[in-house]
Amino acid sequence: MGILAWIVLGLVAGFLASMAMGGGGYGVIGDIIVGVVGALLGGFLFSAFTGQPGVTGFNLGSILVAFIGACILILLLRLVSRSRAV
C-alpha cells in the first residue's frame with residue numbers, strides 16, 4: 001500500500017473515529033495522524049488475535065480495522081490527557 005493510500009485511509013478512519021467518539025476532533029492533520037497510527041495499531045492487534053493481516057489495502061475491511069484502532073487510540077489519548085490534567 002502506497003503512502004497516499006495510507007494517508008487517505010488514515011483520514012477516513014480518523015474522521016470516522018473522531019465522529020464516533022464525540023468531541024471536536026483533531027483537525028485534518030490530526031485526524032490523518034490518528035487514523036494512520038490507528039491503522040497500524042488496529043492492524044497489529046488484528047493480526048495478533050487472528051493471525052491474518054489486518055490492513056491489506058484500501059478496502060472496507062481495512063477501513064474497519066483502522067477505525068477500530070483509531071477509536072482505541074483516541075480512548076488511550078483521552079485517558080492519558082485526563083490523568084495529566086489532574
Side-chain angles (χ1 to χ4, degrees):
M1 205 161 90
I3 189 73
L4 185 61
W6 274 101
I7 291 171
V8 172
L9 179 72
L11 178 62
V12 171
F15 174 74
L16 292 174
S18 67
M19 296 301 285
M21 297 293 288
Y26 296 102
V28 174
I29 302 298
D31 283 347
I32 290 173
I33 293 170
V34 166
V36 170
V37 174
L40 293 171
L41 176 66
F44 172 75
L45 292 174
F46 187 84
S47 65
F49 286 118
T50 65
Q52 300 174 358
V55 179
T56 57
F58 193 75
N59 54 37
L60 187 60
S62 295
I63 292 174
L64 181 64
V65 168
F67 167 75
I68 292 170
C71 287
I72 292 170
L73 181 63
I74 289 173
L75 179 69
L76 292 174
L77 289 172
R78 288 183 182 169
L79 288 174
V80 169
S81 66
R82 277 200 188 129
S83 65
R84 291 174 131 197
V86 173

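Just so it is clear, the values below take in all heavy atoms, side chains as well, and ignore hydrogens, waters and symmetry mates. All of these numbers come straight from a predicted model, not from anything done at the bench.
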- [ ] Mind checking the CD1-CD1 spacing from I29 to I33? Nearest 0.5 Å is all I need.
- [x] 6.5 Å
Task: With L73, the side chain to side chain contact (heavy atoms under 4.5 Å, CB included) member among I68, L40, V37 - done: V37
TODO: Mind listing the closest non-hydrogen atom pair of A13 and A70 along with its distance?
DONE: O-CB, 4.1 Å
- [ ] Let me see the working for V36 and L9 under side chain to side chain contact (heavy atoms under 4.5 Å, CB included), right down to the final yes or no.
- [x] CA-CA 7 Å; V36 170; L9 179 72; over 6 Å; no
TODO: With rounding to the nearest 0.5 Å, note down the distance linking CG in L75 to CD1 in I72.
DONE: 8.0 Å
Open item on the list: Counting neighbours of CZ on F67 that are heavy atoms of other residues, nucleotides or ligands and sit closer than 6.0 Å, is the number greater than 12?
Closed with: yes
Task: Straight-line distance of M21 CE to L16 CG, nearest 0.5 Å - done: 13.0 Å
Task: Gap separating the CG atom of L45 from the OG1 atom of T50, nearest 0.5 angstrom - done: 10.5 Å
TODO: Kindly say whether F58 contributes a backbone atom to a donor-acceptor pair with the side chain of S62 at under 3.5 angstrom?
DONE: no
Task: Residues which pass side chain to side chain contact (heavy atoms under 4.5 Å, CB included) with L11, listed by chain and number, not counting sequence neighbours - done: V28, I32
